[in-house]
Structures are given as C-alpha cells and as structure tokens.
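Letters go in sequence order (proteins before strands), and every chain restarts at 1.
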Amino acid sequence: MSAPSSTPNELAKTYAPAEAEPEVLARWEAANAYAADPTAPAPDGTYSVVIPPPNVTAALHLGHALNNTLQDVLVRYHRMKGYPTLWMPGTDHAGIATQTVVEKRLLAQGTKRLEMGREAFVEKTQEWKDEYEATILDQLQSMGASCDYDRTRFTMDDMCATAVRHAFFVLFRDGLIYRGKRLVNWDPVTRTALADDEVEMEDVEGHMWYLNYPLADGSGHVTVATTRPETMLGDTAVAVNPNDPLAEAVRGKEVILPIVGRTIPIVEDDYVVMADPDGDAKAQIASGFLKVTPAHDPNDWDIGLRHDLPVINIMGPDGGITDQYGWDDVSDEAQQFVGLSREDARTAIVAWFETNGLLDRVIDYSHSVGHSYRSHVPIEPWLSDQWYVAVTDDRLRGSALRAQSSDQTDSMPEGVSPRGDANGDGDLQFQPKRYARTYQTWHENIRDWCISRQLWWGHQIPVWNRLVANDVATPEVLAALDGVEVDVAQPVDSAWVAAGAAHLARRVTVDEIEESISVPPASSLGRLPRADQSMDEPQLVAAIEADGFVRDPDVLDTWFSSGLWPMSTMGWPWPEDYPDTAGLLDTFNPTSVLVTAREIITLWVSRMVMFNRYFLDGQVPFTDVYINTFVQDGHGQKMSKSLGNGVDPRDIIHSHGADAMRFSLVQMSTETQDVRMPVDIICPHTGEAFTPTYITTSAGHTVAAPIQDSPAGDGRQMVSNYGIAAGIAEPTAEIPLGRNSSPKFDVGRNFANKVWNATRFALGNLEGAQASAEAVDMAAPTTTFVDKWIVSRLAETITTLDAAVDNYQFNVYADTLYHFVWNDFCDNYLEAIKPTLAVTPSQQVVLGSVLDAILRVMHPVCPFITEALWPAVSAAKVGNIAGLELPASELAIVATWPVVDASLIDTDAAKTFGRAHELATEIRRLRAARAVKPKQKITVHVDEAIQNLIDAAGGMIETLANVGTVASSSGELPQVSSSIAFEGSQVIVSDLVEEVDLGAEAERLDKVIADLEGNIKNLEGRLSNEGYVNNAKPELVQESRDQLVAANADLEAARTARTALDT
RNA sequence: GGGCGUUUAGCUCAGUUGGCUAGAGCAUCUCGUUUACACCGAGAGGGUCGGGGGUUCAAGUCCCUCAACGCCCA
C-alpha cells in the first residue's frame, strides 16, 4: 500500500483530482474494499443493489454517470452504516442494439453478416462486446463506483445462460411460453420481430388515398380509404359498419379486387368508422369502407378473425412484395409488382389506380406510424411464427400488480385476483410515488410478450422443432391435439417428458403439426424430477435431433435475460454450482433498491418483478424502485447514444474531477425535474472552453457541428463528439477531438477545492498539538461557544443527511453538505477560531473531530478527495468529543458513519449564533457601506443587552466583524460615529475612518428607516386584521407582535441617530 | 386521443403539511490579495413565482381554466 500522503505542508494549494484519483483507486483495490461478504453479521439487515446493466453497444454517457453515482451514494452510505453491502456490476448483451452496430461497422469494412455466417459473426460481436465492456467497467471505476467488480456478470456469460435456459424451460413446461402464428412488429431492416414496446410511434406527413373497388355484380363501386395502398394486394375483404346507411346497398355483395382480380366479400363490422363530415377527425376523412388486409394490419387481423377471412401474406422479410410467403393467386396484371420494395410498390400501385381511373382522390394526411426503435424505419405488421410469454396470465401479470404497495395503488384491474398476504404481495414501492401509476396502467393494457428475435446475437431459444404430417404423428401427439383448433399449442405426454424435457404440439395447418421440445440446461436436468434418468443433457439433445428435431435458430429478446438479472447474477438456479456465489441469493435478494430511468419501467422493471416472484416463491426482486431524472443537453434533448449528444463522463472527470462530477450530479437530482446541461467543448489547441457551433440534423435535433473552429480564431480545428458518434468525422493529429465540459460542474470542483483548503488550514494549525486522552465535554463551561455551536450544527447535519438518504432526496444531501461545510464550517467556524485555536486545546480536539466527521459524511458523494485527505486528518486528530463516535479506520471507504448523541444538538447555542451572526453581518454591512478598510479595527458602543450577546458569543462577533473594542454606550460617546439599530438597541460604531461622511450616513439611515417603516406597516396591517388574529396559530400571532415591538424599537433608534446627524 | 411532468432572478434550479421581507449556485456591480482557498472573502443590485379566475385571515404552495414546453402510452 502506498504511503499515506502527507504532512500538511505537502498538500498542494489546489486540489488536483488527476493525481489523487488513481492513487485512491489503488488503495481501495488493495484493500479489497468493494467486496461483498454474505456471511458477515447483519444485525440490521443487508443492503444490495444490482446495476442496471449498460448495453455493450457504446461507452457510458452522463445519464449513466448520474444513475451510477446515485447508486454509489446509497451503497457507500449503507456500507459506512455497517450493513453487509453488495453492488453487483455487469453489462447487457443488448441483442438487437449490438447486432445493429456491429453490422453497421462490418458494412463500413465492406463485409456483411450473411456472408460471414453465424459463428464468425457471433465471434466478431464478442470482440466488440469485450471492447465496450472493458470501456464501461473502466468508466465505472473512474467515477468511483464501488461495485464488487470481482463478481462482474454479463447477460450472456455461463451463469446467466444457465439461468435463462432454466427459466425458459420452467415457463415452457408450466404452459407460460407458447408459439403462435401472429402478426408481429417486423423490422424489415434488421429483419426481426420486435416487442410492442420496442416500437416508437412517430408522426408522419403522409397521404390518405381513396381507391375505387368495383362491385362484382357490376352495379358500381365502393371507395376505400387507406394510408397504405400497397397492401391492397393482400386484401381479403372490404368492411363496412352495419349501422352505416351505406351498408344497406351493398349487403351481401362482393367486390373484384383491382389488379389481382380476387373476388372478396363485403363484411359488416362495427370497428369501421362511418364517414361524417361533421364528426371527429377520423370520421371526417373516412369513406365508410375499409379495405381488410389481415396479413398486414393488426386491426384487420382482428376483423379477419371475426369474419373468418383468409390471410394472404404478400410481403417477405425485407418488406418487399413477393409471392413466396403465401400469396398464390398472382394475376398477370399483378406480376409487375412482385419484387418491388414496399416504397416502390406504393408508388406503382397508386399510379396503376390513377391510370385505370380508379383513384378517387388523395388528401394530405398526418398520422402516427410505428418505427423500429433500433433501425428507425417504419415497422411492418407481418405474419410469422413467434414465441410468446403469456404475461397476461395471472401468475405473471397479476403477480406483478399484487407486488405493489397498497399505499401506492388502490385497485386491481378486472380479472386480476386481489392482493393477499402471499409472500411478496405489497412489497414494492416506487419513488417518486407517481411512477406506481405508470407501472399499474401498463399492466392493465398488456399483451402477451413476443420473445423470439430473428437475430444471431443472443441466447438461442432452447427449443427443438419438427413438422410432421397428420398421418405420421405419434399417437400421444394426436391424442393431445384431439379436438384442438389450429394454432393452439398443447402439452404432450411423451417419452421426452419422461426423460426430463417438455413437449408441446400445435396444428400449423389442418394436416400439419409442429412439435416443440424444450430441454433444460445440463445442471437442471439431473435435479428436476423425471421418470427416465438414462440420458444426460447432450445425450438427450442428440436423441431429439436424431428423431428429426432441429434447434430453433431464433434468439430470445434481450429483456428475457435482463429480467432474470437480480437472480442470475447471484447464481440462480443452482448457486451451489458456483462457489463464489455462496450465500448471495439468500442474503441479498430481494435487493434494496433498483435505481433506473423511467423509460424502462415497462421493459425491465415489470419483467424482473414477474420473474423473481414466479421463480423465488413470490419474493420481489427489490423493495424500492427509484426513478432517476433524465440528463438533457443544453437544448432540452435527452442525452443518448443514438443522438450522438452524449457526454463521456471521462471528459468531465478530466476537466473537473470525479468528485466534482458526482457532487454536481447528486445536487441536480431532484424529485420532479429533469436536468438541462449546457455543454461546452474544450479546445485541444488552447485549453479554452467555448460554446460550440450547432447544426440541425435531418431529424430536427440540434447538435454540435462535427468540425469546430478553435476559439483562438487561427484556423485550427477539432472534431466534436457528435462528429464521431455520427460517423462523420475521425480525429487526427491536426484535427483532434475536442473534449466536452460544462460549467455546471464548477460548483462541485469549487466545493472539493474548498474542502481541500479547509483541511490544509486545519492540518497546519493542528501540527504539534498535544493529544488529549479525555474526551471533550461539550456541555462543560470551559468549552467555547463556537465549538458548541459547530458540534451542534454537525449533529443536526448528520440527522438531515440520514433523512435525505432514507427519502432518496439526493439534492438535499448535496445542498446540506455544501451549506454545512462552506458556510458553517469554513466561513464562520474556521474564521471565528483563528485567534483562539493555538491556545485552546479543547478547540483543537473539536476541529480535528469535526473535520474527521466531515470527511465521513462527504464520502458517499465525494469519495476520492475524502479518501485522499483521510490519512492526514486521521493522524492530526488529537482527541475525541463525548457523544460523537468516530472510531479510527484505515480507509474512509470502510469508516463508520458518525454516530451522534442527540444531546449534542444545542438549541441555545444555535439561537445565540443566529443573533450574533446577524449582528456581525449588520456591522459588516455598515463597514461595506462606509468603505471601511478591512484591516481597520472599529469600536462599538453597546447597551447591556448587546454586551451580553457579545459576551455569550465568546469573541465571535469581534473576529467576524473585526471589532477592536467593545465599550458601553452609557459612557461618553465619540463625536465621529455611525449607528446600527439592532434588536431594539442602538449600536454606536466609531473608529470607522478619520471623518464620517455625514451625507452618506444620512442616506444610509434614511434607507434603514424606510425599510423599517415598510416592515412595520406590513406587521400592523396583519395584526389589525381580525381574521388573522383569530384564526392563525397563536404562536404565529405572538411572533408577529414581537416583531412589531422590535421593529418599532429599531425604528426609534434609527430615527434618533438620524436626528442627531442634523444637529 | 389518454396520462404524467414542467413553467420561480439574466442562466441552471431549490422551495416538506398554505404562515417571518420567496432562496441557492453561476453571471453582474462595489470593495478587498489579512500566511487555508481568487476554484477566495465581505457587501450590493436583480423576481407582480407562465396568463386569468376562485377558496382562505393568509396562496409560489390548494381548486378551476387557458397557454407553452417535455416525456410516456394509444
């Protein structure tokens, strides 16, 4: 371990985070200070947090820095409080997101995923993952996140993979996972299905086309309105509202679908909006007839089900028009459209209708279109076979809803059984509370969760499928499907089940059956009950494959593995297989709090609750969910990777230091407000911070221009972070990267420097102080006033900080620290003790102890500087204060949180300090108003009441206001003087300067008098109001009366002084 | 369309159950380099709390309404 830094004289004049931080990190690492010990005694319980695993797609930005800083504050605080503490770190493989960026990079290198093959691609992606995982972990450490890094997990590592396979198997076996042919949200660029909440609605300026479809009997036509004319090739009906007068004329008729020539029915369905020029927006643009395309629109799909319509899929996985996926009545006329992209097909089909006189009209129409959150292209509702988790089942959705605290939600939606006294019911709380409602309403409208993704990067679905014809299906399969409709899966009781697998079958068509077998992971197979134990997992898989089953090529939705995170990271389901995880699950799940962003309440929080409760006997994964604020850039845009406006925390650490970043972020964390962060660029040529020039992207976002000119104006340039993120610019030697910074972090940097220098002062003055064996008794008469006061303030501060942490009021924590350290400790206490410290041993003890306590309470927010100063401050301590427990410790990170006796809160001292400080301030105001030189010692003449106050303050007033002499005002008064009205007494001040400027003095007094008169008028008005006197709290009324008396006395004094001037 | 949030000093934000003359940091102005700190100290100026209405002795705070902005869900 490195030598403790320092005699005080060695401390530099300014805190240099870049020097301190690596050294401090090395000390923590050497001491293994982050390690969680599940076997440690836990009389008050344990404290644990799992990190929201960042995606391995890119480096962390300030939003992550905020999220992780808050977690670290909580973790460090509770560690100091003596709880056995675990902060579990890790990263998320982020299936589609990662695959997308890797594919993009491959494309830039001139190769493609499909050319490489699955194995090579996964290997390439693994390399990418390794790179970013390393970056992320490095970022976390640099910002001081005290995670137990030895336990770092990845959602695709072996431990997590086992959990995923086990969970999948159990849900499959229990009937909570099924496969079905459904319309999915299809991303034609990444060519995968998306979950409902991976689709982002965006407003699009489009058109509404009105197409004429001729009636089959030649009696005319109907006009359908559509925003998607290209899908008409797959129309299988036209729908009209049965209540619509238009319905009468076409009832029972058919139309000939143009281009295709397909004869399709007109069906009646009250989903259809009736045309009404005076109705709402939809009715105004409706034609009354709806084209029905079950294969390419979710609403049409539902209509199709109601009317038993055929489903004709005219598109391929790329969104192009094709006859390869179920379209078998392609006419000669339609042939020309096959092979077109969906965009080209739209143009061509509209042109065809126009040419053939069947285009009724076109209007501009702005509407919402679902876009892939990943590729940002419009999603295509597309028919395909996908795996689903039946989250609508009461065992999942109901369980998630019942987990909520009854304080936060009152009712359950229909069909959900009520909250009972089951394990975990009511254990989940949101903070801020309003997010409970978001959670609740989302669950009320939930649909089954599509979990299969047509990707290569992820957990391959542990299912083996085969298609069999009716006539060759096994008897047990036929038995299971006897009388069961198409597309409804049923469990099969087969030999595979006896061998430990689970077996489902479903009719894909009337004469074709799909069988699916899920195999548990090897570690589960032997442990779960099974009749036939002859095969281990590889043998079982081999046997299944030998029987014609093929492994499903799809992978699972990323959130399936993330949803298991609080369990999988702790060794579930078989912690005994991983000796390092011994005791974790029992000790640390449920975790104490999940700190996360509000956007993933649905994607992630809900799924963790469902899974944890389902697999761990109802137990919630965490008891508290704290939703942290968003970090926005200076233009109010969310910081994000995709926008390219994210700021790397390492840039801020570079410009301001990690503690400064942390402190500022904590201070910004309020309950309601998102934080706006104007971002500067630091010129790499000159070191100067400047506001960048901005450009507007095609998506309408304001971002820093990719290339920036140096503010030096000499033609030198730099690349902005946006330039790199958007792939527009690469830094070079001549045009290097301009790091980001923001003046928002100056507060934190200045604060750290203030603490550094206050410590320097204290250490310098404690050098050579005699150690005292006996603890200082704050109540003793010999203890000085300012010492009593500062210790009392310390005690109050600690109480406030405790409450702030309990209530997740992070900004209160930061502000309380700032005020106590800067104003109370530095501005008042240190200034006040300067004349007496050297000759007052008890004061030396108090100074050392208070400073020690300050480092402790600051540590959760500013771990580096407190750790850097810790050895010197510990060494300089010369004694203890009775009632304040600050046991010695090698490191600040493992020091105990200060324990204060309530008796140290001295309300008398606080009151006296308030009065004394006010008097000192009045004198300072006078000095400033009269331009008295700071070094000039003045004389005050006071009456008995003020003399008592000055005595009680024990020299503080004299020191803070630089008063040389205190004399009695009943004696002879000097000719040259000024006066202050204070608490009804007149304080005469002299020795200001050689000569008093009578004009300036008169002006000053006139202002004082005017202020007081206004104040008195206000108070009199209030007190003459009967309503106030009768209804307000009596102590409030009394307070007003006292104030009026004091103000009148002050006014009297000020007038006397003013009159004296005129004579 | 539904829900949530925001609107307070030039800027970024605090403001527990209604109750002292509405606060902080930065910026601005004046003075100051007194051996902890100019990343500092002392002092000052600056706000009809988004608009309108209401409840109340009393409204930044509660209610209604309008407007703007942001986010989530459809």
Side chain A:N765, main chain A:F761, donor-acceptor under 3.5 Å: yes
Rounded [atom1] spacing from [N] to [M] in Å:
| N | M | atom1 | value |
| --- | --- | --- | --- |
| B:A44 | B:A24 | P | 11 Å |
| B:A9 | B:G60 | P | 14 Å |
| B:G15 | B:U28 | C1' | 24 Å |
| B:A58 | B:G53 | P | 16 Å |
| B:A22 | B:U48 | C1' | 13 Å |
| B:G46 | B:G51 | C1' | 23 Å |
| B:C20 | B:A27 | C1' | 29 Å |
| B:A59 | B:G18 | P | 13 Å |

So, is [X] close to the [N] phosphate, meaning a side-chain N or O under 4.0 Å from OP1 or OP2?
| X | N | answer |
| --- | --- | --- |
| A:R437 | B:C4 | yes |
| A:N750 | B:C40 | yes |
| A:R598 | B:C4 | no |
| A:W822 | B:G41 | yes |
| A:K754 | B:G41 | yes |
| A:R676 | B:C69 | no |
| A:K834 | B:A36 | yes |

Separation of [X] atom [atom1] from [N] atom [atom2], in whole Å?
| X | N | atom1 | atom2 | value |
| --- | --- | --- | --- | --- |
| A:R924 | B:A42 | CZ | C1' | 6 Å |
| A:F825 | B:C40 | CZ | P | 17 Å |
| A:L11 | B:A36 | CG | C1' | 10 Å |
| A:E599 | B:G70 | CD | P | 17 Å |
| A:D1011 | B:A44 | CG | P | 11 Å |
| A:R927 | B:U30 | CZ | C1' | 16 Å |
| A:N299 | B:A74 | CG | P | 13 Å |
| A:Y818 | B:C13 | OH | C1' | 14 Å |

Among [options], which nucleotide has an atom closest to any side-chain atom of [X]?
| X | options | answer |
| --- | --- | --- |
| A:P934 | B:A36, B:C71, B:U34 | B:U34 |
| A:N1025 | B:C57, B:G19, B:A36 | B:C57 |
| A:N811 | B:G19, B:A36, B:A14 | B:A14 |
| A:N753 | B:C20, B:A44, B:C37 | B:C37 |
| A:K935 | B:U34, B:G70, B:G19 | B:U34 |
| A:R749 | B:C39, B:G70, B:C20 | B:C39 |
| A:T670 | B:G45, B:A36, B:C13 | B:C13 |
| A:E831 | B:C37, B:C57, B:G41 | B:C37 |
| A:K933 | B:U34, B:G32, B:C37 | B:G32 |
| A:R434 | B:G43, B:C37, B:G5 | B:G5 |

Ring-face cation of A:K754 near A:Y818 (centre distance under 6.0 Å, axis angle within 45°): no
Rounded distance (nearest 0.5 Å) linking atom [atom1] of [X] with atom [atom2] of [Y]:
| X | Y | atom1 | atom2 | value |
| --- | --- | --- | --- | --- |
| A:D297 | A:D302 | CG | CG | 9.0 Å |
| A:Y15 | A:W756 | OH | CH2 | 7.0 Å |
| A:I957 | A:I923 | CD1 | CD1 | 6.5 Å |

Pairing pattern in dot-bracket form [Watson-Crick, G-U; both distances under 3.5 Å; | = partner strand] for RNA chain B: (((((((..((((.....[...)))).(((((.......))))).....(((((..]....)))))))))))).
Derivation of the side-chain hydrogen bond (donor to acceptor under 3.5 Å, both in side chains) call for A:Q809 and A:E671: CA-CA 7 Å; A:Q809 294 175 309; A:E671 190 176 296; 5.6 Å; no
Beyond-backbone contact of A:L62 with A:M661, side-chain heavy atoms, under 4.5 angstrom: yes
Residue pair A:D824 / A:Y829, side-chain heavy-atom distance below 4.5 Å: no
Qualifying residue for side-chain contact (heavy atoms from CB on, under 4.5 Å) with A:V647, from A:V679, A:D680, A:D633: A:V679
First encountered from the 5' end of RNA chain B, between A:R1022 and A:A758: A:R1022
Contact nearer the 5' end of RNA chain B, comparing A:N823 with A:N757: A:N823
A:H654, NE2: over 12 other non-hydrogen atoms inside 6.0 angstrom: no
Touch class at under 4.0 angstrom, heavy-atom based, for A:T921 against every strand present: sugar-phosphate
Touch class at under 4.0 angstrom, heavy-atom based, for A:D827 against every strand present: sugar-phosphate
Pair of N/O donor and acceptor under 3.5 Å linking B:C20 base with A:Q1043 side chain: yes
Test salt bridge (Lys or Arg N to Asp or Glu O under 4.0 Å) applied to A:E796 and A:R793, step by step: CA-CA 5 Å; A:E796 285 175 345; A:R793 282 290 302 131; 2.6 Å; yes
